[in-house]
Asks: 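Take this structure first; my questions come after.
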Amino acid sequence: MLSRPDVAVVGAGPVGLAIAWRCAARGLRVAVHDPAPGSGASHVAAGMLAPVAEAYFGERELTGLLTGSAARWPAFAAELTEVSGVDVGYRTEGTLMVGLTADDLAEARRLWAYQQGLGLSVTPLRPSALRDREPALAPRVRGGALAATDHQVDPRRLVRALRTAAERAGATLVPAAVRALSELDAGVTVVAAGCGAAALTGLPVRPVKGQLLRLRAPGGAAPGFRHVIRGYADGEHVYLVPRPDGEVVVGATVEERGDTDVTAGAVLRLLRAGVGLLPELAEYDLVETLAGLRPGTPDNAPILGPLPGRPGVLAATGHHRHGIVLTPVTADLIADLVETGTADPLLAPFSPARFASPAAGGPGPFVSEEEYPWN
Ligand SMILES: Cc1cc2nc3c(=O)[nH]c(=O)nc-3n(C[C@H](O)[C@H](O)[C@H](O)COP(=O)(O)OP(=O)(O)OC[C@H]3O[C@@H](n4cnc5c(N)ncnc54)[C@H](O)[C@@H]3O)c2cc1C
């Protein structure tokens with residue numbers, strides 16, 4: 001074990017491990033604390049790198065961070081694969097966004113128009129062009145659009161690769177939970193504990209439940225489609241993420257609750273929507289049903305930077321639906337901040353300080369146990 005590390009990272013999910021890797025690669029002595037690395041939201045996550053499809057109304061600054069991080073992904077994936085020897089499953093076939101019924105298409109088209117207005121790459125496709133790209137789509141699918149720059153990675157492989165890369169760069173893993181930041185003695189402490197950050201810091205990070213299924217194509221075959229497919233199907237939102245080994249991820253619910261129970265109703269809705277878009281899925285094996293907790297924040301954006309009133313403590317949490325796509329930019333900017341003590345201007349909109357004072361629109365000195373009982 002290290003004597004006194006330069007950096008203590010709390011949490012060995014993708015965010016904490018990537019920060020640890022980047023810091024250790026700069027010659028800093030790093031300890032990463034986690035009783036169960038990779039067991040948080042990333043164990044459940046689909047791995048879509050979808051800054052375009054997930055550019056929603058009212059989230060312009062977040063969309064900027066997402067597109068900036070997605071642009072770092074090709075080099076990040078290549079470097080990580082080389083350093084770790086682990087193939088992270090980075091795939092660049094792009095994403096098809098589709099609407100099953102006329103109503104579904106109307107809803108989707110409004111969002112596509114917004115995304116195009118931001119200058120993002122969204123190309124509308126007629127049903128015939130959709131089926132040229134993915135013949136397995138249901139004949140009922142009314143229309144769609146291509147987000148050619150939205151890609152995917154396998155989050156479980158990503159965590160494995162990051163852990164190997166961090167350890168090879170010299171980071172030490174401490175297999176224990178941190179109950180209070182005062183337990184740690186390090187030059188800088190980075191809280192990258194996902195939903196666990198709330199209890200350690202009082203930051204308004206809340207669990208947002210997502211249920212998700214994993215299917216497998218029969219007979220060890222690859223899935224019968226190549227793009228990530230995100231659809232509106234009879235009013236349900238669903239995504240289908242194909243992996244070369246035959247796995248298809250079908251996700252996900254978005255529920256304001258903090259348990260990880262899997263419910264029959266959610267499985268039914270996800271399967272009905274998924275099979276509605278891609279009928280052959282009914283023939284696939286259902287191999288896993290699970291639920292994870294996204295680290296949500298009041299404005300859906302991550303919390304990145306120095307914690308007010310806590311010298312030497314940085315937050316890197318609250319990545320909500322986007323922790324996988326945001327891993328490269330978070331790691332680079334937090335490692336810069338650790339090394340130089342100066343925050344990149346890109347971090348400004350995501351500072352923890354935005355929740356620190358009522359004047360700044362925040363709820364006060366972060367939040368109380370009563371307001372956020374999951375703390
Ligand atoms: C259903 C679902 C689908 C998703 N799909 C996508 C997607 O397609 N694309 C995308 O970009 N994102 C997706 N996400 C979101 C993504 O998984 C998260 O944003 C991401 O995992 C956050 O990474 P993290 O490292 O901050 O937290 P986590 O992955 O939650 O990891 C946190 C780690 O901290 C540890 N920890 C917690 N408390 C403590 C403590 N006190 N001491 C020590 N260690 C502690 C935990 O054990 C865990 O290992 C999805 C999430 C869910 C639930």
Side-chain angles (χ1 to χ4, degrees), residues 8-20 31-51 53-54 62 65-66 69-70 73 95 150-156 158-159 162-163 173-181 183-184 189-201 205 207-214 228 230 238-241 249-255 258 260 262 266 270 288-297 300-304 315-331 334 374-375:
V9 179
V10 187
V15 171
L17 287 170
I19 292 168
V32 191
H33 301 256
D34 195 324
S39 65
S42 70
H43 183 68
V44 180
M48 293 172 295
L49 310 173
E54 301 223 348
L62 174 58
L65 194 70
L66 291 170
S69 196
W73 254 102
T95 296
D150 277 3
H151 300 316
Q152 63 143 310
V153 69
D154 183 331
R156 293 177 182 176
L158 172 67
V159 166
L162 285 169
R163 181 173 174 172
L173 213 87
V174 183
V178 174
R179 282 157 305 161
L181 296 183
E183 291 172 8
L184 302 172
T189 296
V190 181
V191 182
C195 290
L200 293 169
T201 61
V205 179
V208 179
K209 177 177 175 180
Q211 300 189 55
L212 174 148
L213 322 173
R214 283 183 162 80
V228 172
R230 300 175 61 105
V238 69
Y239 53 73
L240 310 169
V241 182
V249 178
V250 183
T253 64
V254 180
E255 303 169 61
T260 53
V262 175
L270 290 169
E288 199 176 6
T289 59
L290 69 177
L293 302 175
R294 307 173 182 91
T297 64
N300 299 331
I303 306 176
L304 308 172
T317 184
H319 291 75
H320 193 35
R321 307 168 61 105
H322 308 296
I324 308 300
V325 62
L326 288 176
T327 290
V329 78
T330 301
I334 296 294
W374 50 83
N375 282 10

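As the structure lists them, so they are numbered: ligands from 1, and atoms in each ligand from 1. Each residue takes its place number in the sequence, starting with 1.
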Asks: Among all protein non-hydrogen atoms, which one is nearest to atom 31 (O) of ligand 1, and what is the separation to 0.1 Å?
Replies: Gly13 CA, 3.6 Å

Asks: Shortest non-hydrogen contact from Val32 to Ala12?
Replies: CG1-CB, 3.8 Å

Asks: Would you find a donor on one side and an acceptor on the other, under 3.5 Å apart, between the side chain of Trp73 and the backbone of Val325?
Replies: yes

Asks: Hey, which atoms in ligand 1 end up nearer than 4.0 Å to a heavy atom of Gly292?
Replies: 53 (C)

Asks: Any N or O on Gln211 sitting closer than 3.5 Å to an N or O of ligand 1?
Replies: no

Asks: Are any of the N or O atoms of Val10 closer than 3.5 Å to those of ligand 1?
Replies: no

Asks: What's the shortest heavy-atom distance between Arg163 and Leu173, and which atoms?
Replies: NH2-CD2, 3.5 Å

Asks: Compare every heavy atom of Arg321 with every heavy atom of Val254, then report the nearest pair and how far apart it is.
Replies: CG2-NH1, 3.4 Å

Asks: Determine yes or no for a side-chain-to-main-chain donor-acceptor pair under 3.5 angstrom, with Asp150 supplying the side chain and Ala53 the backbone.
Replies: yes

Asks: Are any of the N or O atoms of Met48 closer than 3.5 Å to those of ligand 1?
Replies: yes

Asks: Run the numbers for me: atoms of ligand 1, each under 4.0 Å from some heavy atom of Ser39, listed by number.
Replies: 47 (O), 49 (O)

Asks: Going by the order shown, which atoms of ligand 1 are within less than 4.0 Å of some heavy atom of Gly196?
Replies: 38 (N)

Asks: Once rounded to the nearest 0.5 Å, what's the spacing between atom OG1 of Thr95 and atom CD of Gln152?
Replies: 8.0 Å

Asks: Please classify the His33 to ligand 1 contact at 4.0 Å (heavy-atom distances, strictly less than): side chain, backbone, both or neither.
Replies: backbone

Asks: How far is atom 47 (O) of ligand 1 from its nearest protein heavy atom, and which residue and atom name does that atom have?
Replies: Asp34 OD1, 2.9 Å

Asks: Do you know which of Leu326, Thr327, Val153 makes side-chain contact (heavy atoms from CB on, under 4.5 Å) with Pro14?
Replies: Thr327

Asks: Would you mind checking which non-hydrogen protein atom is closest to atom 37 (C) of ligand 1, with the distance to 0.1 Å?
Replies: Ala193 O, 3.3 Å

Asks: Say whether, by atom type as modelled, one donor and one acceptor occur between the side chain of Thr317 and the main chain of Ala193 under 3.5 angstrom.
Replies: no

Asks: Looking at Ile19 and Ala316, what are the two nearest heavy atoms and their distance?
Replies: CD1-CB, 3.6 Å

Asks: Could you check whether any side-chain N or O of Ser42 sits under 3.5 Å from a backbone N or O of Gly13, counting only pairs where one atom can act as donor and the other as acceptor?
Replies: no

Asks: When only distance counts, is Gly47 in polar contact with ligand 1, meaning an N/O pair under 3.5 Å?
Replies: yes

Asks: Between Ala41 and ligand 1, does any nitrogen or oxygen pair lie at a separation below 3.5 Å?
Replies: yes

Asks: Evaluating non-hydrogen atoms only, which member of Val178, Val32, Val44, Val228 is closest to atom 42 (N) of ligand 1?
Replies: Val178

Asks: Name the option, out of Lys209, His320, Arg294, that contains the heavy atom nearest to atom 19 (O) of ligand 1.
Replies: His320

Asks: Of the backbone atoms (N, CA, C, O) and the side-chain heavy atoms from C-beta on, which set of Leu49 has a member under 4.0 Å from an atom of ligand 1: side chain, backbone, both, or neither?
Replies: neither

Asks: Check each of Pro302, Ala199, Pro207, Ser42 against atom 29 (O) of ligand 1 and report the one with the nearest heavy atom.
Replies: Ser42

Asks: Below 4.0 angstrom from a heavy atom of Gly38, which ligand 1 atoms are there? Numbered from 1 as shown, please.
Replies: 49 (O)

Asks: Nearest protein heavy atom to atom 22 (C) of ligand 1, by residue and atom, and its distance?
Replies: Gly323 CA, 4.0 Å

Asks: Examine Leu200 against ligand 1 and note whether any of their N/O atoms are separated by less than 3.5 Å.
Replies: no

Asks: Between the main-chain N or O of Val238 and the side-chain N or O of Arg230, is there a donor-acceptor pair closer than 3.5 Å?
Replies: no

Asks: Among Ala70, Ala198, Ala45, Ala50, which residue places a heavy atom closest to atom 4 (C) of ligand 1?
Replies: Ala45

Asks: Should you measure from each heavy atom of Gly11, which atoms of ligand 1 turn up under 4.0 Å away?
Replies: 34 (O), 35 (C), 44 (N)

Asks: Can you tell me if Arg156 uses its side chain to pair, donor with acceptor, with the backbone of His43 under 3.5 Å?
Replies: yes

Asks: What atoms of ligand 1 come within less than 4.0 Å of a heavy atom belonging to Pro35?
Replies: 43 (C), 44 (N)

Asks: What atoms of ligand 1 come closer than 4.0 angstrom to any heavy atom of His322?
Replies: 10 (C), 11 (O), 12 (N)

Asks: Side chain or backbone, does Arg321 bring an N or O within less than 3.5 Å of an N or O on ligand 1?
Replies: yes

Asks: Pick from Asp154, Val249, Val250, Leu212: which one makes a side-chain contact (heavy atoms from CB on, under 4.5 Å) with Val241?
Replies: Val249

Asks: If every non-hydrogen atom of Pro155 is compared with every non-hydrogen atom of Ile324, which pair is closest and at what distance?
Replies: CB-CD1, 4.0 Å

Asks: Test your reading of the structure: does Ala46 have an N or O sitting under 3.5 Å from an N or O of ligand 1?
Replies: yes

Asks: Where on Ala36 is there a heavy atom closer than 4.0 Å to ligand 1, on the side chain, on the backbone, on both, or on neither?
Replies: backbone

Asks: Give the atoms of ligand 1, by number and element, whose distance to some non-hydrogen atom of Val15 is under 4.0 Å.
Replies: 23 (O), 24 (P), 25 (O), 26 (O)

Asks: Compare every heavy atom of Ala197 with every heavy atom of Val191, then report the nearest pair and how far apart it is.
Replies: CG1-CB, 3.9 Å

Asks: Distance to 0.1 Å, residue and atom name: give those for the protein heavy atom nearest to atom 27 (O) of ligand 1.
Replies: Gly194 CA, 3.7 Å

